[in-house]
Structure formats: structure tokens, C-alpha cells
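I have placed the structure first, in the form of C-alpha cells, so that the comments after it can refer back to it.
Counting begins at 1 with the first residue of the sequence.
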Amino acid sequence: MGVTVKISHINQSLFCNQPIHWFSTQEVTVPNPIYNWLTELGSMTQRLARYCQQVTVKLYQEGFILLDSQDEEAKLLPNSQRYWLREVVLLGDGCPWLYGRTVIPEETLTGPESELINLGSVPLGKYLFSGNNLTRDYINLGIQNNCWVRRSLLRLSAKPLLLTELFLPDSPIYTK
């Protein structure tokens, strides 16, 4: 089921070499309009679609990866021999608004969830929110170079996947 690529650290992704500062619940102070965006429980794709004519997905990379057990993402997910990585940029009317990184243990990709590796240019949210079998364990808030980030552990039919979303400078989160 696909080729495995060795990616051992998040800085080899679109996140570049800049660290993300993840906030503890006690230390985070977020302006109300931004906090409302960051704690959105529904589809972020649908929310972004309210601010443009068309949301499109630019696929950056996808494929199976290996994670070192010391990697932050590996610590947040069940141990797996390999993980499916998908990195995309969501664009509103051609403008980059959101960078998304999804890491999925191979064991999650069974049954209907095996379709997650075939999304291509389809937004993840369109797939995740199409049924009633999605739950969210938590949302972590963070910041990277003055851009807000959120990370969620989602469960699709009780099977985990980790979604990290970086709101790029032109995103409506900052202006609307």
C-alpha cells in the first residue's frame, strides 16, 4: 500500500524550520474573533468557504512515513510501523489561507477510512464531516511566526488521526 518515505522531523515539511510554540491552557490569551476560529468544531473548509467563491486544495506531499518514537507527533498517536502523511494548502479564490498537515497511523486506514489515502485535491474536511462517525479528543493552540496554529486529535470510527492547521497571513481568521 504505497511507498514509505523516512521523514523524522516536522521541520522537513511546509512548517519549515520554525518551531511552533504550543500553549498550555493557562498561558493562552487569544483575541475573541481569532479564538472563535481556532476552536471551530465543524469543518474548517466549510468555514473558509464563507469568505470566498471557491476553496481549492493544493497538494504539497502525501505518502507513508516513518516517525521516530521521540517525535512529538508520534507521542500523540498510537505506535505504528508507519503513518500516512498528507500536507496541503487550502486556498480561498487562489490565495493561500491554511496549511494542513495530517498524520494517520496505518491501522486507521482500514475499512472505509482507507479512502483517506485517495483524497488528492479533495479537502480533508469534506471527507471527515460527511458522516456522523467523527469525534475530536482535543484542540491544542499554538503560534508560529505570528501565525496561529491549532492541532486536533480526531477519531474517525474511533480510529485516530492528527490534524495540524497553520493559518497563513492572508487567512480570514485575521481580518473577518
Side-chain angles (χ1 to χ4, degrees), residues 9-11 13-60 71-78 83 85-105 108 116 119 121-176:
H9 298 288
I10 196 167
N11 66 5
S13 73
L14 283 176
F15 279 117
C16 302
N17 293 323
Q18 301 300 318
I20 297 172
H21 173 75
W22 294 106
F23 294 105
S24 69
T25 309
Q26 297 81 12
E27 71 173 315
V28 65
T29 303
V30 184
N32 279 338
I34 291 176
Y35 184 79
N36 184 271
W37 277 89
L38 295 174
T39 57
E40 172 67 53
L41 296 178
S43 168
M44 188 58 67
T45 304
Q46 288 180 348
R47 178 127 185 211
L48 289 169
R50 296 181 210 150
Y51 297 91
C52 63
Q53 297 297 310
Q54 183 179 25
V55 173
T56 54
V57 174
K58 181 176 180 180
L59 183 62
Y60 177 69
D71 287 341
E72 186 175 7
E73 291 174 319
K75 291 177 182 178
L76 299 172
L77 289 164
Y83 301 82
L85 170 70
R86 181 172 191 253
E87 292 184 320
V88 301
V89 175
L90 287 182
L91 301 108
D93 295 335
C95 182
W97 282 355
L98 183 137
Y99 160 72
R101 178 181 169 93
T102 310
V103 180
I104 308 169
T108 294
L116 287 166
L119 291 178
S121 63
V122 174
L124 177 66
K126 185 172 184 173
Y127 180 87
L128 293 179
F129 291 93
S130 63
N132 59 359
N133 56 350
L134 179 69
T135 59
R136 186 184 311 258
D137 286 10
Y138 58 79
I139 298 175
N140 291 136
L141 305 182
I143 198 158
Q144 179 195 62
N145 286 342
N146 298 317
C147 289
W148 289 98
V149 185
R150 74 179 195 159
R151 177 174 60 195
S152 298
L153 182 67
L154 302 168
R155 295 186 186 271
L156 194 56
S157 300
K159 297 183 275 187
L161 60 107
L162 187 66
L163 173 62
T164 304
E165 298 162 299
L166 170 67
F167 294 86
L168 300 171
D170 291 329
S171 174
I173 186 175
Y174 304 110
T175 58
K176 312 253 189 288

**Ile139 vs Leu41 side-chain heavy atoms within contact, under 4.5 Å** = yes
- Task: Determine, for Glu73 against Arg151, whether the closest basic-nitrogen to carboxylate-oxygen distance falls under 4.0 angstrom.
- Result: no
Does Met44 reach the side chain of Trp37, with side-chain heavy atoms less than 4.5 Å apart?
-> yes
Taken to the nearest 0.5 Å, the spacing of Tyr83 OH from Thr108 OG1 works out to 9.5 Å
Interatomic distance, CD@Gln46 vs CZ@Phe129, rounded to 0.5 Å, equals 8.0 Å
With side chain to side chain contact (heavy atoms under 4.5 Å, CB included) as the test, would you mind laying out the steps for Leu90 and Leu48 before giving the verdict?
-> CA-CA 9 Å; Leu90 287 182; Leu48 289 169; 4.0 Å; yes
Check: For the ring pair Tyr138 and Trp22, is the centre-to-centre distance below 6.0 Å?
Finding: no
Task: Whether Asp170 side chain and Trp97 backbone form a donor-acceptor pair below 3.5 Å - done: no
Salt bridge (charged side-chain N to carboxylate O under 4.0 Å, His left out) pairs touching residues 123-145, sequence neighbours excluded, are Asp137-Arg155
Separation between CG (Leu162) and NZ (Lys75), nearest 0.5 Å, reads 13.5 Å
Q. Heavy atoms, side chains only, cut-off 4.5 Å: are Asn133 and Ser157 in contact?
A. yes
Residues 41-58 vs salt bridge (charged side-chain N to carboxylate O under 4.0 Å, His left out), sequence neighbours excluded, gives Glu40-Arg47
Below 4.5 Å, heavy atoms only, C-beta onward: do Leu153 and Pro160 meet side chain to side chain?
yes
Notebook entry, point to check: Could you walk me through whether Asn145 and His21 pass the side chain to side chain contact (heavy atoms under 4.5 Å, CB included) check?
Noted result: CA-CA 9 Å; Asn145 286 342; His21 173 75; over 6 Å; no
In this structure, CG of Leu166 is separated from CD1 of Ile20 (nearest 0.5 Å) by 7.0 Å
Please tell me if the side chains of Ile104 and Leu116 come closer than 4.5 Å, counting only heavy atoms from C-beta onward.
-> yes
With a cut-off of 6.0 Å (strictly less than), are more than 12 heavy atoms of other residues, nucleotides or ligands near OH of Tyr35? no
Taken to the nearest 0.5 Å, the spacing of Thr135 OG1 from Leu156 CG works out to 8.5 Å
**Asked** Counting N and O atoms only, with roles assigned by atom type, does the side chain of Glu165 sit under 3.5 Å from a partner on the main chain of Val149, one being a donor and the other an acceptor?
**Response** no
### Query
Got a donor-acceptor contact below 3.5 angstrom from the Arg150 side chain to the Leu38 backbone?
yes
Take Val103 and Leu77 through the side chain to side chain contact (heavy atoms under 4.5 Å, CB included) test and state the conclusion after the steps.
CA-CA 9 Å; Val103 180; Leu77 289 164; 3.7 Å; yes
Smallest heavy-atom separation, Gly92 atom then Cys52 atom, equals CA-SG, 3.8 Å
Query raised in the report: Sub-3.5 Å donor-acceptor pair from the side chain of Tyr174 to the main-chain atoms of Trp148, do we have one?
Result: yes
Distance col, row Leu124:CG vs Leu128:CG, nearest 0.5 angstrom, shows 4.0 Å
Discussion item. Quick one: does any side-chain atom of Asp93 pair with a main-chain N or O of Gln54 as donor and acceptor, under 3.5 Å?
Written reply: yes
Exercise for the section: Could you give me the CA-CA distance, side-chain angles and deciding distance for Phe23 and Ile143, then say whether side chain to side chain contact (heavy atoms under 4.5 Å, CB included) is met? Expected result: CA-CA 8 Å; Phe23 294 105; Ile143 198 158; 3.7 Å; yes
